[in-house]
Amino acid sequence: MSYACRLRHALRTPVGLTALTGVLALALVALLGPVVLGPAAERVDTGAMLQGPGAAHPLGTDNLGRDIAARVVVATRLTLGLTLAATTIGVLGGLLLGVAPAVLGRRAGRGVTAFVGVLISFPGLLFVLFLATVFGVGATGAVLAVGLAMVPPGARLVQNLTASVAGSEYVAAARILGVGRLRMVTRHLLPNIAEPCLLFAAQAAAGTLVAFSGLSFLGLGVQAPSYDWGRLLGDQLDRLYLNPVAALAPGAAVVLTGVVFALVGEVFAQAGRPVRPPAGGAVAAPGPAPRPARPDGALLQVHDLRVTFPDGRRPVRGVSLSIGEGEAIGLVGESGSGKSLTAQAVAGLVPSPGLVEAGTLRFEGRDLLAERPRGTALAMVFQDPMASLNPALSVGRQLSEVVEVHERAARSAAWARAVDRLRAVRIPDAARRARQRPHSYSGGMRQRAVIGMGLMGTPRLIIADEPTTALDVTVQRQVLDLLGEVRRESGAALLLISHDLAIVAGVCDRVLVMYAGRIVEDLPVANLAGRAAHPYTRALIGAVPTLTTDRDRELATIPGRPPEPADAHPGCPFAARCAHADDRCRTDAPELVPHGTAARVACWHPLTPAAPGPGNPIPEVRDASTAQEATA
Amino acid sequence: MRKTPVPHDPADTRPAAAPAGATAGTPRAAATTARSGAETNPVDATPARPRRTAPGPWTVFALRRTGRLVVSLAALVTASFAMIHLIPGDPVRTALGPTADPALVEARRQALGLDRPVPQQFAHYLAELFQGRLGESIGAGLPVSDVIAARLPATLSLALPAFLVVVLAAVPGGMWAAVLTRDGRRRRGELAFGSVTGALAAVPEFLLAVALVACFAVAFPLFPVASRGGPDSYVLPVVALSVVPAAALARIVRVETLRVLGEEYMRTAYAKRLPARLRYLRHALPNLLASSLTVGGLTLMALLTGTVLVENVFAWPGLGTTIVQAITEKDYPMVQAVVLVYGAAALLITFAVDVAVAVADPRSTVRGS
Amino acid sequence: MSSLELRQLRVRYGRFTAVDGVDLMVPDGGITGLVGGSGCGKSSLGRATVGLAPITGGQILVDGTPVAHRPRRGPVQLVFQSPYASLDPRMSIGAAVAEALPPSRWSPRPGATARARAAEAAHYLELVGLDPGRASLTPGELSGGQRQRVALARALAARPGVLVADEITSALDVSVQGAVLNLLRRLQRELRFSLLFISHDLAVVRYLADQVAVMDRGRLVEHGPADRVLHAPGHAVTASLLSCVPTLEENP
């Protein structure tokens, strides 16, 4: 959605409508006020000096008998005019000074940045007072003072924005294409910083109004016989005890106008934000058809698991799986297939507006929809080890607190165990390392520490969500080896989520392939190489070159793109991209049914016969030119 | 699975600087960014190898930050000196008025040293400054440093209690609001918090002060509304000074808390089944410190200058009333001195805050230097 | 159409030496793969060839002629890793590709130049398999694979003699990666540019490259024909990288 479109959308919200009404009302008052009430505001009436509020003068009169209400209305034009003038100075100055480092050379740019850095370290009001002294007391001086005082924060904001845009890869790409500096500013920098700058301008207007009113209130701004709201307020301050309304009315005008500016800023901010889905209930709701637990005593039983979001996304659409004691299961799929959310649903970690429903969701025989798993039985390893450890706490502390909380272990015993577990996951010099915070660990060490965290108690199931995606290839191997070793030694089951079939194949016994929120195939790892039954699994294997792929043939590709989590597809979700799809595939969704002895598949036309025999050759994935066996 | 001895592992033994941006974007894109972060981002790559002869990050930080303080102070002193020369026309003539006796004007010019060449004046100004002398006021001829010494405590006695009120109200309040409204819960509560603090933060301090005076002078004469006196005379100025920054700070603390609650390590803490109390106090609070400290410093700075307006409403004998009076009376040496004091205070506050942040969050030190 | 030669190239970020005296030859019209673990300096090397990394020593020669060390329009073009970051979100893909076209000669009718450029940009979009009718879309409306195609079209529109592809498939989904690799190979065969293909994925490099260079800690540790390097590695780092590639065959 374009910015203009989002802006129109934001204007239709209550906030937007209020802001629009406020701006129009202010403009009308500023335009018509002096015309209509000007004479009344200037009329000196010695017979009605210093009156309180009354029928003739709603807010009373001042020391020359002039109507205060009329003066407040008339002052709108001058106040707004001066505010806008000062804001313009501030925003333009900020833009010029902020963009300058990007336009000027490196050295001059650094000079400008340093200059702004010095300016920004002084409070704004000090600036205003300094400049007001230099420019002299009066409206012009005050406009210059308030406007120039707005320049440093504006310049800093624009500098930060341009620096982030200038550091982006698309600017780097434009630079190596030889795009000139000026064109870079107009075509790449300014369009990408326009939205926050608009927001800043609105906020600057509100700030300027307040600063300006403050100056006039102190007697340093607009001088008699001119008057703005601040001046009126200052004039009436002495009579606050006698006629408080007269003093508060211009104050109220300042506040109301400030609110209008703030609302305008809010509209810009809303338009700048990506549309956020409305929030819904975060509580897990019971599924429609609760099934009795299967009597095979599986560690984790999931039947008909669904995750939905209030905005209509349905990333997980009826997943069923079970994991036995000590079993290692791989869950494989592309981004958007719902594999991570499936794992998060099991662990009770689905982010808030998401709604988790399931026929059965049992871990160790307990219903996870009703209660969270006990203590340390379920351990999680997350994708990004950089983010999943708390940067403010020592690694040892983050491990030891697990047993302190769940086993009421003494602090020293818990610490000793933390060091022991860090040693177990091969952190060198564990006793010293335990006292360090995560930032002095490397990525691989962090991931090992997270695995060690899972080992603090007695894990029955370790859920590892893309544990090596953020790591280097060599480190990836170490972490995978460690996971396998940990599983063998602790006897815990493993649910390994990955986008990479090869990673899963090295660690797991069984692989579940997910596509568009459903499990499309469940097969033993040994079957991956050449005996996958679902066309999607086949294509996934064929699309990835291995060290033995035939270099003279094109890689197998999957045409089209995966369905979005919000799409509805009545039939098989893969039908649109499948070379074997027929009408039935497009209308009826295949169930995940047993296929052969050890596998299950959700496909009307599985590529391997249920019972492999001599008369059943394995069909090709696509046409002969692109299809191939990855591991032939 | 085949096990192969890995001869060496360069990537896995060096300390990795956390790519702060790794949480943004799609998980897949973020992961790949993190994977290659050490290569594509020179800032992250810098600390990747131990430097043998180079000074530690702390030394670099201390040198850099002190350097910045010195440069800023120098700029402040220069600006305050230059002010009197930036004023169009003859400052003494402007100050004493067009009717003043030319002999008196000349005498004052000589007393201020304005008849000497500018570099010489600057040297004299600096020399005087280092001895704590800030010159004499144009009108009364009193030593400016005496006036400052008399007025500064009054201002500090407003700003510091107000700062305490702000921090004690805003930090717990903002955190509490964030915890209650996290993940889009209690939309009404969020709306109420947002509109109340938003409205309060939009009211300028001096208007709030005027409203308080109007309210307590007219309707409920509970507290004195003018001049510095007993403890009860502090109530209204401190309230006027603290409400606006408290509302603004509470909003920021809430946003920061929400950000921290959305971090992956908070998900880890949740996955560890830690009780809520531990998650918020042990895991969230320390991570709020760095950003809250920074904002807290800005708040203190704003409070300091906020005194200018509030003091004028409450007729408080502090620096704020002094500078406004000096500006209207064109008592330039006095303005110079007060600007110096306010500016130096602001610089020292930001310096202290940066040092505190560096102690609380060592990563920022490494990243910044 | 050009060869790329690096002589004793050195790249430093502050005190950190990312590339430490690398000699590398990318022969005319060939594909050279550059592999290594993360932090080995391969991306810094790629960025240095277009002047985006601080070069502190050595030379970059295209067809024997040294090129500038500053980013400017040159005979070398780079395709970045993330198609999400390397395209201006506010610029239509047509404009992005048109911006890369060589500056056009002066024309008496201003509209004609613009139309000619748009037509040429459309041609490049078509070349990478995108519908030219979608030239007015912004990158946000495209999928990751489509964006990477735009980035490729943009680089090719600058008519480079040498193309440097820096991890161009690592931000893409598995099913899309294959299509981008096929496309890159097809384009290289059609247009005959020299290609420096940087990746951490040995299998991908093996599939594309004739020559493979291996980097470790800023240095080039091995360089040779792809088959030789990947099947009979001559350096421990190469062997270690190879052993760490997870494959489907070696199941327990």
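Fair warning: this is a prediction, and the values are worked out from it, not measured in the lab. Chain identifiers are assigned alphabetically (A, B, ...) following the order of the sequence lines, protein sequences preceding nucleic acid strands; residue numbering begins at 1 within each chain.
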Under a 3.5 Å threshold, yes or no: a donor from one side chain and an acceptor from the other, between [X] and [Y]?
X	Y	result
H200(C)	Q476(A)	no
Q447(A)	T468(A)	no
E334(A)	S337(A)	no
R90(C)	Y170(A)	no

Might you point out which heavy atoms bring V171(A) and V165(A) nearest each other, and give the distance in Å?
CG2-O, 3.2 Å
Go through [options] and name the one with the most non-hydrogen pairs under 4.5 angstrom from chain A.
options	value
P89(C), A95(C), G51(C)	P89(C)
A158(C), S143(C), G145(C), A179(C)	S143(C)
Q146(C), R185(C), R206(C)	R206(C)

Parallel, tilted or perpendicular: which describes the rings of F574(A) and H534(A), with under 30° parallel and over 60° perpendicular?
tilted
Report which part of A151(C) has an atom under 4.5 Å of a heavy atom belonging to chain A: side chain, backbone, both, or neither.
neither
If I measure from the heavy atoms of chain A, does L181(C) come under 4.5 Å with its side chain, its backbone, both, or neither?
side chain
Which bit of R183(A) comes within less than 4.5 Å of chain C, counting heavy atoms only: side chain, backbone, both or neither?
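Contact with chain C is through the side chain of R183(A) alone.
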Honestly, the part of D509(A) sitting under 4.5 Å from a heavy atom of chain C is neither
